[in-house]
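Remarks on the structure that follows.
Lettering follows sequence order; numbering is per chain, from 1. These numbers were taken from a predicted model, which means no experiment stands behind them.
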There are 2 protein chains.
Amino acid sequence: MIQPRPRTIPEATVARLAVYLRVLTSLADGGRTTVSSGELASAAGVNPAGLRKDLSHLGSCGVRGVGYEVRALRERIAHVLGAERSRACVLVGIGNLGTALADYAGFGSRGFRFVGLFDAAPARVGEEIGGLVVQPMAELEATVTATDASIGVIATPADVAQSVCDRLAAAGVRSILNFAPVTLTPPPGVDVRPVDLSVELQVLAFLGQQRGVRAAEVTA
Amino acid sequence: MIQPRPRTIPEATVARLAVYLRVLTSLADGGRTTVSSGELASAAGVNPAGLRKDLSHLGSCGVRGVGYEVRALRERIAHVLGAERSRACVLVGIGNLGTALADYAGFGSRGFRFVGLFDAAPARVGEEIGGLVVQPMAELEATVTATDASIGVIATPADVAQSVCDRLAAAGVRSILNFAPVTLTPPPGVDVRPVDLSVELQVLAFLGQQRGVRAAEVTA
DNA sequence: AACCGCTTGTGAACGCAGGAACAAAGTCGC
DNA sequence: GCGACTTTGTTCCTGCGTTCACAAGCGGTT
């Protein structure tokens with residue numbers, strides 16, 4: 001089977017596609033049937049030309065002079081992102097953040113479902129969160145295998161994150177979202193995407209500080 | 001006063017500097033006094049040449065043939081990022097995620113301190129988290145003014161995030177970290193940095209799916 | 001049926017980030 | 001004191017992402 005499109009979609013574009021998908025779902029819920037690139041770009045906070053280029057990566061589905069059909073475009077993006085099928089995820093580290101993630105309903109509507117929650121603290125084990133019961137760490141590998149989970153989320157303290165990463169990888173998990181404030185070095189063939197909340201705050205603070213300096217210079 | 005360095009540091013570099021700062025702190029705690037670019041790059045998960053280029057943006061502080069002095073470099077980065085001075089932050093939306101953020105000790109050690117927690121639900125008001133008492137939304141503006149908070153964190157449901165954003169901006173907050181799954185349109189002069197956990201998961205899933213396709217092609 | 005306005009899709013140019021290679025500089029050994 | 005080695009700082013270059021601008025195409029109108 002020949003793929004008519006080059007299947008290499010830039011990572012930056014993929015991130016924006018996920019945002020478009022969210023906006024389109026919101027529009028569809030609001031009863032909109034068509035939308036122009038300018039309006040969609042405004043709602044997503046990006047440049048209209050860039051949005052069109054992003055969409056061109058998945059074979060154009062718009063109608064010139066009219067715009068895009070909301071439902072059709074949503075389906076198309078969902079298909080490319082693989083969001084149609086539900087993906088099994090396991091979550092390790094049921095602290096405050098882990099609890100928040102396990103309870104977050106937003107994941108379910110985007111094609112992700114948690115199939116296992118794990119924590120090292122015996123006091124946590126047995127607790128029920130979002131319909132799942134927290135399991136001990138010893139059951140991690142068996143659950144990953146049984147559920148064929150391909151995504152792992154690490155919300156543990158920093159000092160155990162690497163060992164959790166290794167265990168997840170060994171059990172067959174290929175993609176890991178890491179909230180622990182350490183840089184993980186995964187085995188070959190495993191992707192790690194770091195999400196460091198402190199880093200986000202520091203970048204934000206620096207940009208704000210720099211903006212202040214600029215403003216002071218302009219007035220000077 | 002003439003600044004010897006161009007103060008325009010690329011945003012990508014700023015994000016990495018925050019990571020280097022974290023690694024350096026860890027090294028300093030471990031008793032290390034010097035570190036080479038290669039070792040530091042490995043610990044941060046980046047290319048050594050790129051790391052040296054990042055560091056060159058803030059005036060080189062390394063010693064050729066030896067490496068970087070851990071404490072001095074840490075101080076330097078902290079100074080450039082403005083992490084020496086503690087910054088006042090307010091947090092709106094004390095759900096599961098908000099509670100996790102308020103309780104997260106990692107922020108304190110990076111120069112951020114929460115000075116106000118707010119929630120619209122009367123049941124939440126009065127609760128004590130991480131040494132602070134949750135306040136009603138009506139007190140938002142007064143607290144921002146009194147504490148001169150410059151950073152706001154939004155962890156509310158999506159439907160009220162824009163109005164919270166507007167109120168924060170009106171009260172004087174210039175930088176906002178948004179965890180709500182909507183694209184905010186801030187007033188001029190206000191920066192918003194979105195952190196969408198579902199988007200992160202979708203990008204991760206797509207990359208993993210694409211990796212699977214690649215592997216299948218190679219075997220074919 | 002033909003025209004006109006509107007919107008998409010694409011081609012080109014610009015700027016930026018990332019990586020590799022090389023020169024400068026300092027330390028360790030002899 | 002001198003040479004060789006190690007490591008930084010810089011420069012060049014390649015590739016990617018983003019933006020602008022224009023041609024192509026469709027619907028509505030006359």
Side-chain angles (χ1 to χ4, degrees), chain A residues 4-20 23-24 27 32-70 72-74 76-77 80 183 199 203 206-207 210, chain B residues 4-20 23-24 27 32-70 72-74 76-77 80 203 206-207 210:
Chain A
R5 292 268 145 198
R7 63 176 72 54
T8 61
I9 300 181
E11 188 171 324
T13 294
V14 174
R16 284 189 296 265
L17 285 177
V19 175
Y20 305 156
V23 174
L24 286 168
L27 284 174
R32 284 290 295 271
T33 57
T34 62
V35 66
S36 71
S37 70
E39 195 175 356
L40 187 54
S42 168
V46 301
N47 188 296
L51 181 137
R52 290 199 297 271
K53 187 171 281 271
D54 286 340
L55 295 182
S56 77
H57 280 121
L58 39 87
S60 71
C61 203
V63 180
R64 298 170 193 238
V66 177
Y68 299 92
E69 205 209 335
V70 173
L73 185 57
R74 183 164 64 95
R76 191 105 178 214
I77 295 178
V80 171
T183 304
V199 169
V203 172
F206 178 81
L207 294 179
Q210 226 179 20
Chain B
R5 289 270 146 197
R7 63 175 70 57
T8 61
I9 300 181
E11 189 170 323
T13 294
V14 173
R16 285 189 296 265
L17 285 177
V19 174
Y20 305 155
V23 174
L24 286 168
L27 285 173
R32 285 291 296 272
T33 57
T34 61
V35 66
S36 71
S37 68
E39 195 175 356
L40 187 55
S42 169
V46 301
N47 188 294
L51 181 139
R52 291 199 295 274
K53 181 174 292 204
D54 285 340
L55 263 40
S56 76
H57 279 121
L58 39 87
S60 72
C61 202
V63 179
R64 297 170 193 242
V66 177
Y68 300 90
E69 204 208 335
V70 173
L73 185 56
R74 183 166 63 95
R76 192 105 179 212
I77 295 177
V80 170
V203 173
F206 178 81
L207 295 178
Q210 226 178 20

Examine C/dG26: is either OP1 or OP2 under 4.0 Å from a nitrogen or oxygen in the side chain of B/Tyr68? Give yes or no.
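Answer no for this pair, as no side-chain N or O of B/Tyr68 is under 4.0 Å from OP1 or OP2.
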Round to the nearest Å and state the distance from [X] atom [atom1] to [N] atom [atom2].
X: B/Leu51; N: C/dA20; atom1: CG; atom2: P; value: 14 Å
X: A/Leu55; N: C/dT7; atom1: CG; atom2: P; value: 16 Å
X: A/His57; N: D/dT18; atom1: NE2; atom2: C1'; value: 12 Å
X: A/Asp54; N: C/dT10; atom1: CG; atom2: P; value: 13 Å
X: A/Ile9; N: D/dG17; atom1: CD1; atom2: C1'; value: 15 Å
X: A/Asn47; N: C/dG15; atom1: CG; atom2: P; value: 16 Å
X: B/Glu11; N: D/dT18; atom1: CD; atom2: P; value: 12 Å
X: B/Leu58; N: D/dT10; atom1: CG; atom2: C1'; value: 15 Å

Is any side-chain N of the basic residue among A/Glu69 and A/Arg74 closer than 4.0 Å to the acidic one's carboxylate O?
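No, A/Glu69 and A/Arg74 are not salt-bridged.
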Flag, side chain of B/Arg76 to backbone of B/Cys61, donor-acceptor distance under 3.5 Å
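Side chain of B/Arg76 to backbone of B/Cys61, a donor-acceptor pair under 3.5 Å: no, none is there.
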Report yes if a donor N or O on one partner sits less than 3.5 Å from an acceptor N or O on the other, where the partners are the side chain of B/Lys53 and the base of D/dG9; otherwise report no.
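No pair found.
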Go through B/Tyr68 and B/Thr34 one step at a time and tell me if the side chain to side chain contact (heavy atoms under 4.5 Å, CB included) criterion holds.
CA-CA 5 Å; B/Tyr68 300 90; B/Thr34 61; over 6 Å; no
Using heavy atoms and a sub-4.0 Å distance, could you list which residues of residues 33-43 of chain A are near DNA chain C? By number, please.
A/Ser36, A/Ser37
Generate the contact string for nucleotides 22-30 of chain D. Rules: B means base contact, S means sugar-phosphate contact only, - means no protein heavy atom under 4.0 Å.
--BBBS---
Could you check if a side-chain atom of A/Leu27 sits within less than 4.5 angstrom of a side-chain atom of A/Thr33, using non-hydrogen atoms only?
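Side chain of A/Leu27 against side chain of A/Thr33, heavy atoms only: no contact under 4.5 Å found.
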Report all side-chain donor-acceptor pairs from residues 9-19 of chain A shorter than 3.5 Å, counting only partners two or more places apart or in another chain.
residue	atom	partner	partner atom	Å
A/Glu11	OE2	A/Arg193	NH1	3.0
A/Thr13	OG1	A/Asp54	OD1	2.9
A/Arg16	NE	A/Asp54	OD2	2.7
A/Arg16	NH2	A/Asp54	OD1	3.2

For B/Gly50, answer base if it contacts any base atom (sugar-phosphate contacts may also be present), sugar-phosphate if it contacts only those atoms, and nothing otherwise; contact means non-hydrogen atoms under 4.0 Å.
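Result for B/Gly50 = nothing.
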Hey, could you give me each pair passing side chain to side chain donor-acceptor pair (under 3.5 Å) that has a residue in residues 40-53 of chain A? Not counting sequence neighbours.
A/Ser37-A/Arg52
Which of C/dT8, D/dC20, D/dG17 is nearest the side chain of A/Pro10? It is D/dG17
Sequence neighbours left out, what passes salt bridge (Lys or Arg N to Asp or Glu O under 4.0 Å) with B/Arg64? Give chain and number order.
none
B/Ser36: side-chain hydrogen bond (donor to acceptor under 3.5 Å, both in side chains) partners, not counting sequence neighbours:
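Partners of B/Ser36 under the side-chain hydrogen bond (donor to acceptor under 3.5 Å, both in side chains) test: none.
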Nearest heavy-atom pair of B/Val70 and B/Leu24: which atoms, and what distance?
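Scanning both residues completely, I find the closest heavy atoms to be CG1-O, 3.6 Å.
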DNA chain D: 5'-proximal contact among B/Ala49 and A/Ala49 (nearest heavy atom)
B/Ala49
